Amino acid sequence: MSYQVVSNLEQVLSALKNRGENSRIIAGGTDLFLEKLPEKLLDISALAEALVIEERGGTMLIGAAVTHARAVASPLLAKKVKALTEACAQVGSPQVRNLGTLGGNVINAAPAADAAVALAALGAKAELIHYSGNTRTVEIEELYAGFNCSAIDSCQELLLRFVVNSSDSGSGSAFARLAARKSLALPLANAAAWLRVEHNCLQEVRLVVAPVKPAPTRLFKTESLLVGRPLIAESWREAAGAAMDEVEVRGSLLRCSADYRRHLIGVLVGRVLETAAGRALTAKGEA
Amino acid sequence: MQKEQICFTLNGETIEVYTDPTISLLRLLRDELGLTGTKEGCGEGECGACTVILDGMAVNSCLVPAGKAKNRSVLTIESLAKGDKYHPLQEAFVEKGAVQCGFCSPGMIMSAYALLQESSEPTSIEIRTAISGNLCRCSGYKQIEEAVLSAAEKLKNRGESG
Ligand SMILES: Cc1cc2nc3c(=O)[nH]c(=O)nc-3n(C[C@H](O)[C@H](O)[C@H](O)COP(=O)(O)OP(=O)(O)OC[C@H]3O[C@@H](n4cnc5c(N)ncnc54)[C@H](O)[C@@H]3O)c2cc1C
Ligand code: FES
Ligand code: FES
């Protein structure tokens, strides 16, 4: 067993390269530490390159090692990517939010991980670096191989940060979930929306819900129905209905029936759209 | 199991331990260092009984690998009393009847301690949020909330901050 706390990127890449298959990246450990641990752990929670929160030329850079608590505390994120702030604020408990990271939330690949759902709606892309030095940038959805199974091999590749386009004026986002309790409970369902408004109509919409598929699930049909619609209650009601028709959900004995989950997804979709639209209007007013 | 040297600050004192870095900080504190004030409830992040302060933040010590504490600062419930003088949080928990079986109390108090470091006049909602990761099976939480409010007042009157 060995445990190495790494502080710069070169260290991570050379450690992954030299130590082969039995060394694995760990961040907050809130998911990994409860599983069977590999021989060697590389702790990236203090890796400066993965801790950034900044806006550069119309793009938000959000480090994979940023904890939920730090994300919630960031005024920049609250202004630019509110759905993410709202999602992170609802993860687990204060103690879990102080440890758990955005990157871990996505790579752990739970189907309704809160931050992952918000990031997908925001159109975030993930920047990855392989130990060979190769880098690639992929959509959030491409990081999933199956239920609770990531497409990323965390013994070979580092998720460095997320990039989100923040240049669109008149856009807004929102996240909502329902769980059995307000803390220490995983969501029965969650939803996030990002949208852009022009002349009081929806111009672009990204709508994501979970748990439906292994990855956060875009509702493309419902999105296309919304484009061009005015920002009125009827649009949100129709979208809620369309979302319920579009999703194929499973029930679970532990949490709730499929019917209940479908209904819930409809309700959450209506809420996030309305909230995001309100924010888009406010953003326009400020611009 | 390969052991490593881990140097960190524990309750204000720099210490060095020789241990398996992949055991939990909770195990290290209780089993190897004999600090049994920190409790183990669930062992998986769900109850908060094991809450300690890591670099100023409340965390579940059952989820923290010992190796993560390297070069960092850990505060446990044992750090609060000064000699036989209890911390205002401890006094208030006793006075307000916030302790029944007492199993949740160390974790509850450490979560409240983290809050009082951040805000000296916490609102009810802030207190409820701060202890939302701590389960109590006895008290019903109301007395705990009152105790934290009362401790905040005591600290203010004494001109201290935690
Ligand atoms: C009590 C409790 C409650 C919880 N409640 C919620 C909740 O309400 N909502 C929710 O979404 N989640 C919840 N979680 C799950 C968990 O806290 C989050 O998913 C968290 O964000 C995981 O991040 P981490 O840094 O702790 O991941 P880790 O455990 O460190 O890692 C998770 C996985 O990702 C890999 N990994 C981590 N970072 C990287 C990286 N940068 N590059 C490559 N691989 C990486 C690791 O190898 C591992 O496979 C809860 C967990 C607990 C224990
Ligand atoms: S023992 Fe750590 S949270 Fe329950
Ligand atoms: S006093 Fe018994 S669990 Fe809280």
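Just so you know, these numbers use all the heavy atoms, side chains as well, and skip hydrogens, waters and symmetry mates. Every chain is numbered from 1 and lettered A, B, ... according to where its sequence line falls, protein lines coming before strand lines. Note that the structure is a prediction, hence the values are computed from the model and not measured.
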Should the heavy atoms of other residues, nucleotides or ligands under 6.0 Å from [atom1] of [X] be counted, would the total exceed 12?
X: B/Lys39; atom1: NZ; value: yes
X: A/Glu54; atom1: CD; value: yes
X: B/Glu13; atom1: CD; value: no
X: B/Arg72; atom1: CZ; value: yes
X: B/Glu121; atom1: CD; value: no
X: B/Tyr86; atom1: OH; value: no

Between B/Pro21, B/Ala58, B/Cys47, which residue shows the highest count of heavy-atom pairs closer than 4.5 Å to chain A?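 Most pairs with chain A among the choices: B/Ala58.
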Of all heavy-atom pairs between B/Glu46 and A/Leu184, which one has the smallest distance, and what is that distance?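 In this case the closest contact between B/Glu46 and A/Leu184 is O-CD1, 3.1 Å.
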Only pairs of heavy atoms separated by less than 4.5 Å count here; which of A/Ser93, A/Pro94, A/Ala185 has the most with chain B?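 Winner by heavy-atom pair count: A/Pro94.
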Heavy-atom pairs under 4.5 Å with chain B: which of A/Val96, A/Leu41, A/Leu37, A/Leu34 has the most?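 Among the listed options, the one with the most contacts to chain B is A/Leu34.
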Under a 4.5 Å heavy-atom cut-off, does chain A meet the side chain of [X], its backbone, both or neither?
X: B/Lys68; answer: both
X: B/Ala130; answer: backbone
X: B/Ser132; answer: both
X: B/Ser111; answer: side chain
X: B/Ile53; answer: neither

Calculate, to the nearest 0.5 Å, the distance between atoms [atom1] and [atom2] belonging to [X] and [Y] respectively.
X: B/Leu63; Y: A/Gln95; atom1: CG; atom2: CD; answer: 9.5 Å
X: A/Arg97; Y: B/Thr129; atom1: CZ; atom2: OG1; answer: 7.5 Å
X: B/Leu54; Y: A/Asn98; atom1: CG; atom2: CG; answer: 9.0 Å
X: A/Gln4; Y: B/Glu4; atom1: CD; atom2: CD; answer: 9.0 Å
X: A/Phe33; Y: B/Ile23; atom1: CZ; atom2: CD1; answer: 8.0 Å

Test side-chain hydrogen bond (donor to acceptor under 3.5 Å, both in side chains) applied to B/Glu16 - qualifying residues, sequence neighbours left out: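 Applying side-chain hydrogen bond (donor to acceptor under 3.5 Å, both in side chains) to B/Glu16 gives B/Gln5.
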Could you check if a side-chain atom of A/Ile26 sits within less than 4.5 angstrom of a side-chain atom of B/Pro65, using non-hydrogen atoms only?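 Yes, close enough: below the 4.5 Å cut-off.
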